[in-house]
Structures are given as structure tokens and as C-alpha cells.
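Just below is one structure, and these are the notes that go with it.
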Amino acid sequence: MKPRIDTKDVKNVLNDELKIPVYQRPYKWKAAKHVNRLLVDIEREVTRDNTNNIEYRIGTIILYQNQENSPLEIVDGQQRLVTIALILLALDNNNSPRFINDQIFENSISKNNIKFNYEYIVNFFSLYKGDKQKYKSFLLNNCTFSVISLNDLTEAFQLFDSQNSRGKELFPEDLLKAFHLREMNEADEVKKEKGVKWENYIDQGILNNVIGKCLFRIRNWQRNEWKNYYFDTDEIDEYKGINLFQSIFNP
């Protein structure tokens, strides 16, 4: 099946059976920076929407489905989707979105950020002077995503790579973690969960030092490539490796 590109409002996106896969990085959005920006951007659009016809495009999300009727894995877009679910939960505590209810957040980084950001959002709306129901309705019905759906995980990651490796949100070690956990798709869950340790090494700066300041430089010195000194996203192919579950003789 070819990639399918749709424009969907938030309500329809969150009504799908979505899954945050193990290869995803934790939920790391910062309240005062990322969450506040989204809240204020939506507030601005709500204020100027006098006709109920304004469409506000939030961004692009990439979804992968292994087989028909299986959950849609979020390859890219987790940070926005979790934040939007928290906003809706804060606006209607008795009716939390299905998306947030379906997820199991075991990583301590995700759990701490979710707790702090939810409290931040609740405080935002405690001071909000506008119509909260109008805000909620606008978010659900007028805010949209460009949704790219694929059933080829390699193709999904290539798209993920092209979208993120040119920006500043993901560092090389983040992308490497995602690629290596992707290639463990057929490994057992215990082995996959060990990949979570990457996050501790990333946060402590250890992984970047080992890969960027040691392995990468040694490799290039061995090749007499003295000028290629700094490891960045342009050099990530050096460490993507091979798929151990496929024959190396097959393309």
C-alpha cells in the first residue's frame, strides 16, 4: 500500500487506536516553552475565529500500521499528541481522551513531564478569561494534522529521519536509538525494554561523548579523514548498522 496522506481534525485523530511504540523517546516537552507556546497559539486562533471556519494546522504526524486492525504506531508526533490529550483532560476532567487512557507510560522522564505539564495546563486554564468550551471545541474540530499513514516501517523511519534530522529537536543519539530499536522489531520485549537505558545515557551526556567524541573521531582518523571531526545528524548513517533478522545477502 502506498503512503496515505490525510488531513484530520484532532477529534478524529484521537479516536483512532494509537500506540506509542517502545522505540519512541520519552515525552520531553517543556511546560514553559513547548506547552505554553501551543496553548497560546490555539488561544490566539480561538480569539480571532468569529465564523467557526478557521482551520489551524498543528503539524504532521507519521503513523505505521503493521497489519489491518492493529493499533497505529506513532512514528512521529508523540509530543504534540500527548500534550493535546493533556489539554483536553484539563478542560474536561470527567472525559479523558481515549488516546491517553490507552497508553502505559513506564519511563520516569515521561511520567514526571506528564504530571508537571498537566498541572501547568490546569493552572493556565484557571487564569483563562475566555470561553473554555469554545477553546475545547476549536481544539477538537478546527485544529488539524497532516496525517501520513504507512504500512512499511522502514519507509516510515526514512520519512521520520528526513523530517527530524534537519532540525534541532532530535540529536544524533536520539535518532540512533530509534533506528536500533526499530531493527529489534522481532526481538522479545525484555530486550527491547533495555533500549530505555539509552535515555539515561543521553540525558547524562554519556552517549554523545562515546559516539561523537570517541568512536566517530577514531573511525575517521583511521580513514585519514582528519577534517570530518564532529558527529552530527549528517553522519548518522555511519551507525545505523544492519538488520540482524534479515540475510545480509539480501538487499
Side-chain angles (χ1 to χ4, degrees), residues 6-21 24-63 71-147 164 167-170 199 203:
D6 302 301
T7 298
K8 291 186 177 182
D9 59 39
V10 166
K11 179 173 61 179
N12 285 325
V13 170
L14 294 183
N15 278 338
D16 286 331
E17 187 179 0
L18 301 174
K19 175 186 176 182
I20 300 175
Q24 276 284 5
R25 58 180 178 159
Y27 174 67
K28 286 186 173 183
W29 264 25
K30 301 299 182 184
K33 181 181 179 182
H34 306 103
V35 177
N36 183 70
R37 182 184 303 159
L38 180 60
L39 287 166
V40 172
D41 284 350
I42 296 173
E43 179 185 12
R44 182 189 63 244
E45 297 303 315
V46 171
T47 302
R48 74 185 189 91
D49 180 27
N50 297 318
T51 62
N52 295 322
N53 291 324
I54 290 179
E55 177 185 340
Y56 179 57
R57 187 68 56 88
I58 295 180
T60 299
I61 57 177
I62 302 172
L63 304 175
L72 295 162
E73 293 187 9
I74 303 169
V75 177
D76 195 23
Q78 174 207 176
Q79 308 293 320
R80 281 188 175 85
L81 288 171
V82 171
T83 303
I84 287 171
L86 294 177
I87 293 172
L88 292 169
L89 180 61
L91 286 167
D92 189 355
N93 200 26
N94 294 321
N95 188 23
S96 56
R98 170 188 177 183
F99 167 67
I100 205 73
N101 289 333
D102 286 349
Q103 310 308 317
I104 299 176
F105 296 96
E106 296 182 350
N107 187 283
S108 60
I109 297 172
S110 293
K111 290 191 287 188
N112 289 336
N113 284 328
I114 286 172
K115 181 178 183 295
F116 185 84
N117 289 353
Y118 177 70
E119 293 173 352
Y120 184 92
I121 294 166
V122 169
N123 184 63
F124 174 88
F125 285 112
S126 71
L127 303 173
Y128 185 65
K129 302 299 183 182
D131 185 337
K132 295 178 186 177
Q133 286 305 309
K134 183 178 179 181
Y135 191 109
K136 177 184 175 183
S137 177
F138 185 89
L139 176 56
L140 286 170
N141 301 298
N142 295 65
C143 291
T144 62
F145 283 105
S146 292
V147 181
N164 289 287
K168 296 182 179 180
E169 284 296 315
L170 291 179
E199 294 302 330
D203 291 339

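Bear in mind the structure is a predicted one, so any value in this text is a computation, not a measurement.
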Between atom [atom1] of [X] and atom [atom2] of [Y], what is the distance when rounded to the nearest 0.5 Å?
X: Tyr56; Y: Arg48; atom1: OH; atom2: CZ; answer: 9.5 Å
X: Ile58; Y: Glu45; atom1: CD1; atom2: CD; answer: 10.5 Å
X: Ile84; Y: Leu14; atom1: CD1; atom2: CG; answer: 7.0 Å
X: Ile87; Y: Phe124; atom1: CD1; atom2: CZ; answer: 8.5 Å
X: Thr47; Y: Ile54; atom1: OG1; atom2: CD1; answer: 9.5 Å
X: Ile20; Y: Leu72; atom1: CD1; atom2: CG; answer: 13.0 Å

Closest approach of Gln78 and Pro26, non-hydrogen atoms and distance?
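The pair with the smallest heavy-atom distance is OE1-C, 4.0 Å.
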Testing the basics here: between Ala90 and Phe125, what is the closest heavy-atom pair and its distance to 0.1 Å?
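Ala90 and Phe125 have their closest heavy atoms at CB-CD1, 4.5 Å.
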Side chains of [X] and [Y]: does their closest heavy-atom pair fall under 4.5 Å?
X: Ile109; Y: Asn113; answer: yes
X: Gln79; Y: Arg25; answer: yes
X: Leu81; Y: Ile74; answer: yes
X: Leu18; Y: Asp102; answer: no
X: Val40; Y: Arg44; answer: no
X: Asp9; Y: Asn142; answer: no
X: Glu17; Y: Phe99; answer: no
X: Asp76; Y: Ile61; answer: no

Stepwise, does the side chain to side chain contact (heavy atoms under 4.5 Å, CB included) test hold for Val147 with Thr7?
CA-CA 6 Å; Val147 181; Thr7 298; over 6 Å; no
Residue [X] excluded, over 12 heavy atoms near [atom1] under 6.0 Å:
X: Phe116; atom1: CZ; answer: no
X: Lys134; atom1: NZ; answer: yes
X: Leu127; atom1: CG; answer: yes

Hey, can you tell me if His34 and Trp29 have their rings parallel, tilted or perpendicular (30° and 60° cut-offs)?
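Ring orientation of His34 relative to Trp29: parallel.
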Let me see the working for Val35 and Tyr120 under side chain to side chain contact (heavy atoms under 4.5 Å, CB included), right down to the final yes or no.
CA-CA 9 Å; Val35 177; Tyr120 184 92; 4.3 Å; yes
Consider only side-chain N and O atoms of Asn107 and Tyr27, and report whether a donor and an acceptor are under 3.5 Å apart.
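Looking only at side-chain atoms, Tyr27 and Asn107 do not form any donor-acceptor pair under 3.5 Å.
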Does one side chain, of Lys11 or Asn141, offer a donor that lies under 3.5 Å from an acceptor on the other?
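Judged by distance alone, the side chains do pair up.
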Stepwise, does the side chain to side chain contact (heavy atoms under 4.5 Å, CB included) test hold for Ile100 with Phe105?
CA-CA 10 Å; Ile100 205 73; Phe105 296 96; 4.0 Å; yes
Carboxylate-amine/guanidinium proximity below 4.0 Å for [X] and [Y]:
X: Asp92; Y: Lys136; value: yes
X: Arg98; Y: Asp16; value: no
X: Arg57; Y: Glu55; value: yes

For Phe138 and Tyr135: C-alpha separation, side-chain torsions, deciding distance, then whether ring-ring contact (aromatic ring centres under 6.0 Å, His included) applies.
CA-CA 5 Å; Phe138 185 89; Tyr135 191 109; 7.9 Å; no
